[in-house]
There are 2 protein chains.
Amino acid sequence: MTVHQHGRYSTPVEDLPSRAVPEAAVGRLAIYLRVLTSMIEQGVTTMSSEELAGAAGVNSATLRKDLSYVGSYGTRGVGYDTAKLVEHIEQLLGLTRHHSVAVVGIGNLGHALANYGGFPDRGFPVTALFDVDEDLVGIPVGGLPVDHVNTIPEVCAEREVTIGVICTPASAAQIVCDLLVAGGVRCILNFAPVMLQVPSDVEVRRVDLAVELQILSFYQARRSPGPRAGAAPVDPVAVIR
Amino acid sequence: MTVHQHGRYSTPVEDLPSRAVPEAAVGRLAIYLRVLTSMIEQGVTTMSSEELAGAAGVNSATLRKDLSYVGSYGTRGVGYDTAKLVEHIEQLLGLTRHHSVAVVGIGNLGHALANYGGFPDRGFPVTALFDVDEDLVGIPVGGLPVDHVNTIPEVCAEREVTIGVICTPASAAQIVCDLLVAGGVRCILNFAPVMLQVPSDVEVRRVDLAVELQILSFYQARRSPGPRAGAAPVDPVAVIR
DNA sequence: GCAACTTTGTTCCTGCGTTCACAAGCGGCT
DNA sequence: AGCCGCTTGTGAACGCAGGAACAAAGTTGC
Ligand SMILES: NC(=O)c1ccc[n+]([C@@H]2O[C@H](COP(=O)([O-])OP(=O)(O)OC[C@H]3O[C@@H](n4cnc5c(N)ncnc54)[C@H](O)[C@@H]3O)[C@@H](O)[C@H]2O)c1
Ligand SMILES: NC(=O)c1ccc[n+]([C@@H]2O[C@H](COP(=O)([O-])OP(=O)(O)OC[C@H]3O[C@@H](n4cnc5c(N)ncnc54)[C@H](O)[C@@H]3O)[C@@H](O)[C@H]2O)c1
């Protein structure tokens, strides 16, 4: 019944394996992982903290601290072995197991996610699609047939779904969330603009595009106090015509 | 040339109107705004900090501090007038003006965004769509015809686009970003999994779904140390079969 | 084999953001 | 009209994350 959408700084009673890893660090580790795999494809076998930090857009000290959560797998005077580092980060992030994903609400956004190839490639196979619309049930989207929302609990348990993605209208999000939880899903990615009520052992992450746009709007408003848009300071490349 | 994707704590030299507002607070204000408009629709005219904080899922002290950035518009002993509060938050976030949005890359995700009605409703009309695919150019999506990427600078300037949304493959994101900047766009929402290089007066926000999934994966891995998934502590509602 | 250089891992410190706690202020009730 | 209770707004403390700086460690060159 606890409400704790974001703002989780690892549980107060911290007796879990290895040091507590700050959430911000976890997010960055995921980025390092992407940079590293990209570099490995280009044949790079070793990177210094400075190089990797530059590519990821963070401070090199921050990067080294983040990597220290993973363990000491660098070589002083040389840098990090890219392949080894990828291996250890994947282990910390739990990416050695595949995480089966269910998408609920196959509308505009649900279609996009179901058709997206980037998730299976990264170890997140989409194994279930759900919608309440009878016309959609049975139709394959991205090669996978849509099931009815009523079957969420059974199907999720059966296919061992670990991550549920909610793409329904806001009004249906809580009901769908409850069904996912009933199906044993304890990780939820929520695109609907509502705060979900979940048991304390369920982790919810919210992606709120409207909020992102409004934050951008705020900075835009801060920059140009006058009502007209043209009052830019100086931007050599933005000179039009 | 500065790399500062997130991690902006308001400019060091702070001589702008009113106090510096922490980025985290701006994001929460956007959420309060949504809760408030929803409550107003239900006929609620007054809310206490405790009520509003509960609905938004934050601490009431945090909420009051956030609202203090907006100004002192509450009434002690009573609470906040919902309508007045909405008005002032909208002003702070710069939502009194409409912000014209351009979407670049009309694939899976671009289609979803172009068809989404929630943005226009919130003061973010989509006024331009771009793609490099000649087959898409000219075709209307969500009632708006797709233009060719080459025309980004002119069209964005012409239609006074303030926010650019990048939904292209990662490989094209930087080029597209440069074109948007050339068109005078200084706020960018980036869905491609790359760090964009932009001039220091351009604000970039990145939405990285793969990272979100990996963070969920991390928490999942933390919870169940054993390889099998069934080792849940106790969850009354999740008992299957 | 030794010395000099490079780079990691960590410690310390600074600063921000969140939370607690309380005084000030306002409305309602008698 | 005055008192009482409730809620705001903010000053102060706390905790965490990020950045700088340094010592340990390993490698390369001589
Ligand atoms: N499309 C976007 O670009 C976008 C952007 C930001 C936020 N969102 C949010 O994402 C969510 C989905 O957006 P969309 O544009 O895909 O909407 P949509 O209307 O296109 O799709 C919603 C889908 O959910 C299904 N649905 C409705 N009730 C359901 C229920 N009880 N159980 C299961 N499925 C149900 C509908 O049948 C429909 O297929 C919304 O909450 C929206 O606010 C979407
Ligand atoms: N679809 C998703 O659910 C999803 C999820 C997470 C991340 N993403 C990211 O979002 C981006 C888009 O994903 P998608 O699934 O829509 O891809 P997509 O392949 O369906 O669409 C990409 C579109 O971009 C266009 N394009 C290519 N090069 C271009 C250029 N130089 N200028 C303009 N347009 C160009 C293509 O013609 C195509 O229409 C990708 O970077 C992807 O990694 C998508």
Side-chain angles (χ1 to χ4, degrees), chain A residues 3-14 18-29 31-32 44-82 84-85 88-89 215, chain B residues 2-14 18-29 31-32 44-54 56-82 84-85 88-89 215:
Chain A
V3 183
H4 63 90
Q5 222 75 326
H6 278 198
R8 125 108 41 18
Y9 306 99
S10 74
T11 43
V13 190
E14 187 58 62
S18 85
R19 259 166 303 185
V21 184
E23 174 156 322
V26 176
R28 287 191 297 267
L29 282 167
I31 294 170
Y32 307 152
V44 178
T45 59
T46 292
M47 286 185 88
S48 73
S49 63
E50 207 74 45
E51 290 174 286
L52 187 48
V58 300
N59 186 295
S60 69
T62 301
L63 177 131
R64 287 200 297 278
K65 182 162 287 184
D66 290 344
L67 292 185
S68 78
Y69 295 123
V70 183
S72 297
Y73 299 110
T75 310
R76 298 180 184 213
V78 178
Y80 298 92
D81 180 291
T82 50
K84 270 202 188 311
L85 201 49
H88 287 108
I89 294 177
I215 292 174
Chain B
T2 321
V3 182
H4 63 90
Q5 222 75 326
H6 278 197
R8 127 105 44 12
Y9 306 100
S10 72
T11 43
V13 189
E14 187 57 61
S18 85
R19 260 166 300 187
V21 184
E23 175 155 321
V26 175
R28 286 191 299 265
L29 283 167
I31 294 170
Y32 307 152
V44 178
T45 59
T46 294
M47 286 185 88
S48 72
S49 64
E50 207 73 47
E51 291 174 285
L52 187 48
V58 301
N59 187 297
S60 69
T62 301
L63 177 131
R64 286 199 298 277
K65 183 148 285 190
D66 288 345
L67 293 185
S68 78
Y69 295 124
V70 183
S72 297
Y73 299 111
T75 308
R76 298 179 185 215
V78 178
Y80 299 91
D81 180 290
T82 51
K84 269 203 189 310
L85 201 49
H88 287 108
I89 294 177
I215 292 175

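Hydrogens, waters and symmetry mates play no part in the numbers below; they use all other heavy atoms, side chains included. Sequence lines set the chain letters: A, B, ... in the order given, protein chains first and strands last, and positions in each chain run from 1.
A:A53 is linked by a side-chain contact (heavy atoms from CB on, under 4.5 Å) to A:V58, A:S60, A:L63, counting only residues two or more places apart in sequence or in another chain. For B:S48, the side-chain hydrogen bond (donor to acceptor under 3.5 Å, both in side chains) partners at least two apart in sequence or on another chain are B:E51. Judged as a salt bridge (charged side-chain N to carboxylate O under 4.0 Å, His left out), and not counting sequence neighbours, A:R64 has no contacts.
For A:R28 and D:dG19, the CZ to C1' distance is 11 Å, given to the nearest whole Å. Note: CG (A:L52) to P (C:dG9) measures 12 Å, nearest angstrom. Rounded to an integer number of Å, the gap from OH of B:Y69 to P of D:dG11 is 12 Å. Straight-line distance from the CD atom of A:E51 to the P atom of C:dT8: 9 Å, rounded to whole Å. The separation between A:L63 atom CG and C:dT10 atom C1' is 14 Å, rounded to whole Å. With rounding to whole Å, A:L67 atom CG is found 11 Å from C:dT10 atom P. Spacing between atom CG of A:D66 and atom P of C:dT8 amounts to 14 Å, rounded to whole angstrom units. Distance, B:H88 NE2 to D:dG9 P: 12 Å, rounded to whole Å.
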message = For nucleotides 20-30 of chain C, give me one character per nucleotide, 5' to 3': B if any protein heavy atom sits under 4.0 Å from the base, S if the only such contacts are to the sugar-phosphate, - if neither.
response = BB--BBBS---
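An OP1 or OP2 oxygen of D:dT8 is reached within less than 4.0 angstrom by a side-chain nitrogen or oxygen of B:S49. When the side-chain nitrogen and oxygen atoms of B:S48 are compared with OP1 and OP2 of D:dT7, none of them lie within a distance under 4.0 Å. Between A:Y80 and C:dG9 there is a side-chain N or O to OP1 or OP2 distance below 4.0 Å.
The stretch residues 72-81 of chain B participates, sequence neighbours left out, in no side chain to side chain donor-acceptor pair (under 3.5 Å) pair at all.
For the atom pair CG (A:L29) and CD1 (B:I215), the distance works out to 10.0 Å, reported to the nearest 0.5 Å.
Side-chain contact between A:I89 and A:L67 is present, with at least one heavy-atom pair separated by less than 4.5 Å.
A donor-acceptor distance shorter than 3.5 angstrom exists from the side chain of B:T82 to the backbone of B:V44, with no hydrogens or angles considered.
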